[in-house]
Novice: 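Dropping a structure here in structure tokens format, bear with me for questions.
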Amino acid sequence: MSFGSRGPSTLLLFAVLALAPARAQAGGPIRLRVDLSDAPRRMVHARLDIPVRPGPLTLFYPKWIPGEHGPTGPIQNLAGLTLAAKGKALPWERDKVEMYAIHVAVPEGTSTLDVSLDFLLSGDEQGFTFGASSTSNLAVLSWNQVLLYPTGVPVESLVYEASLKLPAGWAYGTALPLARESGGWIDFKPAPLVTLIDSPVNAGRYFRTIHLAPELAPPHLLHLAGDSREAVDIPREEEEHYSRLIREAQALFGAHHYREYHFLYTLSDHVPFFGLEHHESSDNRGAERSLIDEDKELRMADLLSHEFAHSWNGKYRRPADLATPNYEVPMQTDLLWVYEGLTQYLGWVLAARSGLLNPEQARDYLAETAAYEDQEPGRSWRPLLDTAISAQFLYEAERSWSGWRRTVDFYEESLLFWLEADAIIRSESKGERSLDDFCRRFHGSPSGPPTVKPYTFEDVVAAMNEVQPHDWRKFFTERVNALQARAPLGGITRGGWRLTYTDSASAYHSSLEKARKRFDFLYSLGLYLDDQGEVIDAWPKSPAVQAGIVPGMKLIAVNGKQWTDDVMREAIRAAARSHTPIEILTKNGEFYTTHKVDYRGGERYPKLVRVEASPDLLDRDLAPLVPPGGETQHRR
């Protein structure tokens with residue numbers, strides 16, 4: 001998933017920290033013991049033994065977490081912090097400017113600082129990694145939440161020896177190499193801090209590990225932690241789709257940058273829905289029945305493919321301003337249209353090529369994306385670039401009025417113009433090359449262990465021109481930096497299709513509504529509702545808003561009949577026939593109001609329609625590189 005400029009005070013603080021003497025002994029590892037036994041009660045206990053020298057010491061709680069694109073380290077949930085030397089508690093002080101920094105004076109004769117802390121796991125089911133991460137049956141551990149590190153030494157020189165204790169009977173998955181298991185503790189091999197933080201753990205009572213694409217090296221493992229035994233009972237067909245995902249990604253990039261890859265898949269209705277990329281793993285969280293319910297399964301179709309693609313695009317190749325030297329320095333996110341946008345495209349393509357989306361579903365996915373971005377009202381004032389620069393607060397913005405505000409559109413809208421770039425390459429090379437060639441050139445060989453190779457905008461333009469000469473600087477600058485009245489639909493039109501609207505929802509659309517428990521009337525009335533009739537979002541100039549219906553209101557009745565989504569659809573169809581307004585009763589706090597919505601256009605749902613006179617480049621883009629049971633083929 002995965003900034004702004006630094007103010008004078010912050011720059012001064014970093015300068016002071018950089019000049020401070022290095023009080024941590026870089027030659028000795030830091031011992032970290034984490035007890036997850038109380039995770040079902042939303043509490044994690046941790047202890048660190050930090051080698052030190054006498055004198056002033058600053059410890060830092062990780063703030064800017066790679067992949068989260070903001071200062072999201074959940075320090076507000078840090079509790080019970082105690083620092084001690086030789087069994088005696090030491091006074092400490094929080095920095096008054098950089099509140100993630102803790103200052104302490106290490107007494108003479110002290111070689112080890114003992115740190116104890118608790119991390120309070122959130123119960124917020126709508127958050128991100130700082131949201132709910134545990135239930136009575138499972139937990140996810142993000143190491144950055146349970147540690148401090150000494151400043152004044154290069155982060156790459158900090159080595160941690162981590163140990164983990166789980167509730168009795170639980171199993172676990174992680175990319176962190178194992179040393180041994182003894183006495184209820186899991187000891188991991190010493191690892192650099194960056195590797196530790198990049199290697200989360202999922203664990204649970206109901207747990208299953210599956211080896212995917214076993215014929216390929218290095219190993220790829222799927223770790224399922226569920227709130228029930230049924231949740232982890234993945235169907236054989238779905239397991240094969242994920243094995244095909246491995247094969248398709250290897251064929252696409254032609255190389256890998258991990259020792260092993262671990263998909264951590266946590267299945268619970270009480271943790272947030274999201275994915276977070278790591279170099280050798282991904283932290284994926286979905287509803288409990290995501291693998292056994294067709295509607296929920298479809299909602300998750302491109303999650304693991306998106307996060308897997310990040311191992312190449314985002315972790316290995318990373319924007320230079322996101323490749324910061326530690327967890328203190330702010331990240332700048334103006335290139336998220338490559339980091340996340342290209343990955344959104346790749347996640348969609350790989351989901352289709354691996355069978356997680358069938359061809360019709362893949363086209364409907366694209367239609368939904370294109371329609372929303374094309375009609376989103378906020379594009380009239382906010383360029384796409386600003387949604388990337390503003391990512392750190394847009395991620396946490398309310399859903400209400402999101403169409404007018406714009407949200408993290410560098411995902412979906414960037415998918416559209418990367419698809420357009422693919423169509424240009426295919427057309428101008430007469431089918432000899434595609435965006436696949438850019439990915440192999442930019443993200444591919446040589447294979448090896450995790451490493452970071454930063455890039456700039458200039459590097460992207462140069463690599464695109466090596467694949468196919470074109471004015472790529474102008475192409476990207478127009479679509480990213482400038483206001484655009486319409487979404488970039490060239491990938492659809494050049495690909496032999498056009499975006500239109502029909503009066504019946506696709507099976508894909510209906511399935512997503514069931515899985516999300518949300519109802520989409522944006523293209524008719526201009527409303528987005530939950531299953532209780534509450535207005536989650538609305539478009540400012542839509543018929544419903546013109547009639548006075550706004551986010552936060554709850555629909556009570558439609559044309560005198562109790563509101564349901566079916567009653568709403570019947571009223572929309574009836575208004576198209578009778579040419580009379582729709583009468584909607586709403587509740588706003590303790591107040592009830594009747595609104596007359598003058599809309600007569602019938603139901604409207606996005607759909608792609610084939611233009612027969614044009615080549616079907618979209619079909620070629622989504623075609624597998626590796627036919628089931630066959631050898632790798634680089635199909636165009």
Side-chain angles (χ1 to χ4, degrees), residues 295 298-299 301-302 341 344-345 347-349 351-352 357-380 384 399 402-404 406-409 411-420 423 479 484-516 518-529 536-545 565 568-569 572-573 576 599-612 614 616-619 621-622:
D295 298 323
L298 188 58
R299 184 190 183 197
D302 68 326
Q344 190 76 359
Y345 165 84
W348 167 67
V349 166
L357 290 169
N358 66 37
E360 183 179 6
Q361 291 167 343
R363 289 192 295 271
D364 288 339
Y365 176 119
L366 182 60
E368 298 276 346
T369 298
Y372 185 88
E373 297 300 326
D374 193 42
Q375 297 202 25
E376 186 183 43
R379 65 184 313 107
S380 66
L384 188 69
R399 179 62 197 258
S402 63
W404 180 228
R406 296 198 80 171
T407 181
V408 287
D409 292 351
Y411 285 87
E412 286 81 3
E413 185 155 328
S414 301
L415 180 158
L416 298 175
F417 65 68
W418 282 109
L419 175 65
E420 185 179 6
R479 286 153 183 77
Q484 300 288 342
R486 300 288 304 277
L489 302 181
I492 295 174
T493 56
R494 284 174 176 265
W497 296 78
R498 65 182 176 87
L499 176 65
T500 187
Y501 295 85
T502 69
D503 59 4
S504 60
S506 67
Y508 176 81
H509 181 100
S510 298
S511 185
L512 288 188
E513 286 195 333
K514 291 178 185 176
R516 293 170 174 163
R518 301 286 189 268
F519 300 106
D520 189 347
F521 298 99
L522 284 172
Y523 308 109
S524 53
L525 300 181
L527 296 177
Y528 191 65
L529 311 171
I536 301 171
D537 196 10
W539 283 350
K541 296 182 180 180
S542 64
V545 171
D565 59 301
M568 177 68 87
R569 292 187 179 94
I572 293 173
R573 291 192 293 267
Y599 173 74
R600 306 170 189 183
E603 293 187 81
R604 294 182 81 238
Y605 302 97
K607 190 74 177 175
L608 295 188
V609 176
R610 180 79 173 93
V611 179
E612 296 299 337
S614 303
D616 190 351
L617 300 184
L618 184 57
D619 179 66
D621 192 39
L622 300 177

Novice: Once rounded to the nearest 0.5 Å, what's the spacing between atom CZ of R299 and atom CD of E513?
Specialist: 12.5 Å

Novice: Could you go step by step and tell me if L499 and L366 meet the side chain to side chain contact (heavy atoms under 4.5 Å, CB included) rule?
Specialist: CA-CA 9 Å; L499 176 65; L366 182 60; over 6 Å; no

Novice: Test Q375 against L522 for side chain to side chain contact (heavy atoms under 4.5 Å, CB included), laying out the working first.
Specialist: CA-CA 9 Å; Q375 297 202 25; L522 284 172; over 6 Å; no

Novice: Between Y365 and E360, do the side chains contain a donor N or O and an acceptor N or O under 3.5 Å apart?
Specialist: no

Novice: What pairs with W497 under side chain to side chain donor-acceptor pair (under 3.5 Å), at least two apart in sequence or on another chain?
Specialist: D616

Novice: Minimum heavy-atom separation for W404 and P377, please, with both atom names.
Specialist: CZ3-O, 3.5 Å

Novice: Show me, pair by pair, the donor-acceptor contacts under 3.5 angstrom made by side chains of residues 602-611, not counting sequence neighbours?
Specialist:
unit_1 : atom_1 : unit_2 : atom_2 : d
E603   : OE1    : Y605   : OH     : 2.4
E603   : OE2    : R573   : NH1    : 2.7
R604   : NH1    : Y523   : O      : 3.0
Y605   : OH     : R569   : NE     : 3.3
K607   : NZ     : D364   : OD1    : 3.1
R610   : NH1    : G496   : O      : 2.7
R610   : NH1    : S614   : O      : 3.0
R610   : NH2    : S614   : O      : 2.7

Novice: Please test D374 against L489 for side chain to side chain contact (heavy atoms under 4.5 Å, CB included), starting from the C-alpha separation and ending with a verdict.
Specialist: CA-CA 8 Å; D374 193 42; L489 302 181; 4.1 Å; yes

Novice: Taking all non-hydrogen atoms of both residues into account, name the closest pair between L622 and A362 and its distance.
Specialist: CD1-CB, 3.7 Å

Novice: How about F521 and W539: are their ring centroids closer than 6.0 Å?
Specialist: no

Novice: Decide yes or no for L527 and D520: does some side-chain heavy atom of the first lie under 4.5 Å from some side-chain heavy atom of the second?
Specialist: no

Novice: Would you call M568 and L525 a side-chain contact if the rule is heavy atoms closer than 4.5 Å?
Specialist: yes

Novice: Where do E373 and R379 come nearest, in terms of heavy atoms and distance?
Specialist: O-NH1, 2.6 Å

Novice: When you compare the side chain of L512 with that of D295, does any pair of heavy atoms fall below 4.5 Å?
Specialist: no

Novice: Would you say the side chains of D621 and Y345 form a donor-acceptor pair under 3.5 Å?
Specialist: yes

Novice: Can you find a pair of side-chain heavy atoms, one from W348 and one from T369, that are under 4.5 Å apart?
Specialist: no

Novice: Closer than 3.5 angstrom, by distance alone: can the side chain of T407 be matched with the main-chain N or O of D409 as a donor-acceptor pair?
Specialist: no

Novice: Would you check if the side chain of S511 reaches a backbone N or O of Y508 as a donor-acceptor pair within less than 3.5 Å?
Specialist: no

Novice: Looking at every heavy atom in both A538 and V545, which two are closest together, and how far apart are they?
Specialist: CB-CG2, 3.6 Å

Novice: Nearest 0.5 angstrom please: D565 CG to K514 NZ, how far?
Specialist: 10.0 Å

Novice: Atom CD1 of I572 and atom CZ of R600: how far apart are they, to the nearest 0.5 Å?
Specialist: 14.5 Å

Novice: Taking side chain to side chain contact (heavy atoms under 4.5 Å, CB included) as the definition, give me every residue that meets it alongside A423, ordered by chain and number, with sequence neighbours left out.
Specialist: R494, L617

Novice: For residues I492 and A370, report the shortest heavy-atom separation together with the two atoms involved.
Specialist: CD1-CB, 3.6 Å

Novice: How many angstroms lie between CG in L618 and CG in L419, if you round to the nearest 0.5 Å?
Specialist: 6.5 Å

Novice: Got a second to check how far E412's CD is from L384's CG, nearest 0.5 Å?
Specialist: 10.5 Å

Novice: What distance do H509 atom NE2 and S504 atom OG have between them, rounded to the nearest 0.5 Å?
Specialist: 10.5 Å

Novice: Checking salt bridge (charged side-chain N to carboxylate O under 4.0 Å, His left out) between E413 and each of R486, R479, R406, which is the one that passes?
Specialist: R406

Novice: What are the two closest heavy atoms between D537 and G403, and how far apart are they?
Specialist: OD2-N, 3.4 Å

